[in-house]
Amino acid sequence: MTSERDLFSGFERMRREIDELFGDVFERSTGLRGGGFSPSVDVYYADDPPRAVVKADLAGVVIEDVGLEIRGRQLLIAGERRAAESEGRLYQQIEIEHGPFRRLVELGADVVAEEAKASYEDGILRVEIPLARADQSVRRVPIEEGGPE
């Protein structure tokens with residue numbers, strides 16, 4: 001029998017590739033560049049206690065500029081990476097993206113949003129969200145004689 005973890009192993013990679021494909025098409029067709037970025041994330045599931053863990057690369061972001069929201073199976077990470085002071089500098093190359101960001105992470109399981117915890121260290125935001133326990137209760141359904149008339 002396939003474990004729950006195996007069922008979702010390829011989806012995150014596929015979603016990232018689709019995001020990259022459509023993101024690139026959007027940038028080429030509208031000419032929008034430098035209007036923000038989408039931080040890279042790792043999403044995995046851990047046991048003991050069962051939880052979803054999301055790690056986001058937010059190097060150079062002031063953590064007070066970041067907000068988190070959980071709605072159902074979605075985690076929204078939004079904020080802004082401020083541009084470095086450029087006065088008196090003549091740049092040859094600028095590759096570090098800055099501006100507003102918004103990353104919606106689809107989780108592969110139901111979670112308990114009220115018990116989520118987040119920390120920020122060395123430019124990595126780590127969000128841990130406990131998985132909701134499956135309802136194990138059993139309910140007997142009575143069978144009535146005769147059918148609807």
Side-chain angles (χ1 to χ4, degrees), residues 1-84 94-149:
M1 178 171 221
T2 305
S3 75
E4 189 173 303
R5 234 179 286 181
D6 292 339
L7 293 173
F8 299 105
S9 63
F11 285 118
E12 181 61 25
R13 185 180 54 105
M14 182 178 68
R15 190 202 49 75
R16 261 195 323 268
E17 290 173 2
I18 290 171
D19 282 353
E20 289 172 9
L21 172 68
F22 286 108
D24 290 343
V25 169
F26 178 73
E27 287 174 3
R28 284 194 302 266
S29 66
T30 62
L32 292 179
R33 185 82 176 133
F37 69 100
S38 180
S40 298
V41 298
D42 290 342
V43 180
Y44 62 92
Y45 299 88
D47 294 328
D48 199 26
R51 65 197 181 280
V53 180
V54 178
K55 294 170 71 175
D57 182 0
L58 298 180
V61 174
V62 176
I63 200 60
E64 288 77 21
D65 292 340
V66 177
L68 300 173
E69 291 181 12
I70 300 172
R71 292 185 187 159
R73 288 185 171 195
Q74 296 179 328
L75 168 65
L76 175 65
I77 305 169
E80 181 175 4
R81 179 184 290 145
R82 300 178 192 276
I94 298 176
E95 292 185 3
I96 299 173
E97 297 178 289
H98 62 275
F101 62 86
R102 181 177 165 92
R103 182 67 190 259
L104 188 62
V105 179
E106 295 285 344
L107 302 170
D110 292 329
V111 296
V112 182
E114 299 79 27
E115 296 178 19
K117 296 178 184 177
S119 60
Y120 184 70
E121 185 177 351
D122 295 331
I124 301 293
L125 173 68
R126 180 184 175 99
V127 183
E128 293 191 22
I129 314 162
L131 298 182
R133 296 192 186 278
D135 185 9
Q136 299 294 326
S137 63
V138 176
R139 177 179 176 263
R140 291 193 161 267
V141 179
I143 302 171
E144 297 178 17
E145 284 192 46
E149 294 178 28

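For the single chain, residues carry numbers from 1 onward in sequence order.
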Within this structure, what is the [atom1]-[atom2] distance for the pair [X] and [Y], rounded to the nearest 0.5 Å?
{"X": "L75", "Y": "L104", "atom1": "CG", "atom2": "CG", "value": "8.0 Å"}
{"X": "E115", "Y": "I70", "atom1": "CD", "atom2": "CD1", "value": "10.5 Å"}
{"X": "R73", "Y": "D110", "atom1": "CZ", "atom2": "CG", "value": "4.0 Å"}
{"X": "D42", "Y": "R126", "atom1": "CG", "atom2": "CZ", "value": "10.5 Å"}
{"X": "S38", "Y": "R103", "atom1": "OG", "atom2": "CZ", "value": "4.0 Å"}
{"X": "L131", "Y": "L107", "atom1": "CG", "atom2": "CG", "value": "9.0 Å"}

Among V111, V54, V53, exactly one meets side-chain contact (heavy atoms from CB on, under 4.5 Å) together with E128. Which residue is that?
V53
By salt bridge (charged side-chain N to carboxylate O under 4.0 Å, His left out), D57 pairs with (sequence neighbours left out) none
Shortest non-hydrogen separation from F37 to F101 and the atoms involved
O-CB, 3.0 Å
Check P49 against R51 and note the closest heavy-atom contact, atom names and distance.
O-NH1, 2.8 Å
Look only at the side chain of R81 and the backbone of G60, and say whether a donor-acceptor pair between them is shorter than 3.5 Å.
no
For R102, I'd like to know if atom CZ has over 12 heavy atoms of other residues, nucleotides or ligands within 6.0 Å.
no
Take atom CD1 in I96; do more than 12 heavy atoms of anything else shown fall under 6.0 Å from it?
no
Applying side-chain contact (heavy atoms from CB on, under 4.5 Å) to Y120 and V66, what does each step give before you reach the verdict?
CA-CA 10 Å; Y120 184 70; V66 177; over 6 Å; no
Tell me every residue that passes side chain to side chain contact (heavy atoms under 4.5 Å, CB included) with R82, counting only those two or more places apart in sequence or in another chain.
D65, E80
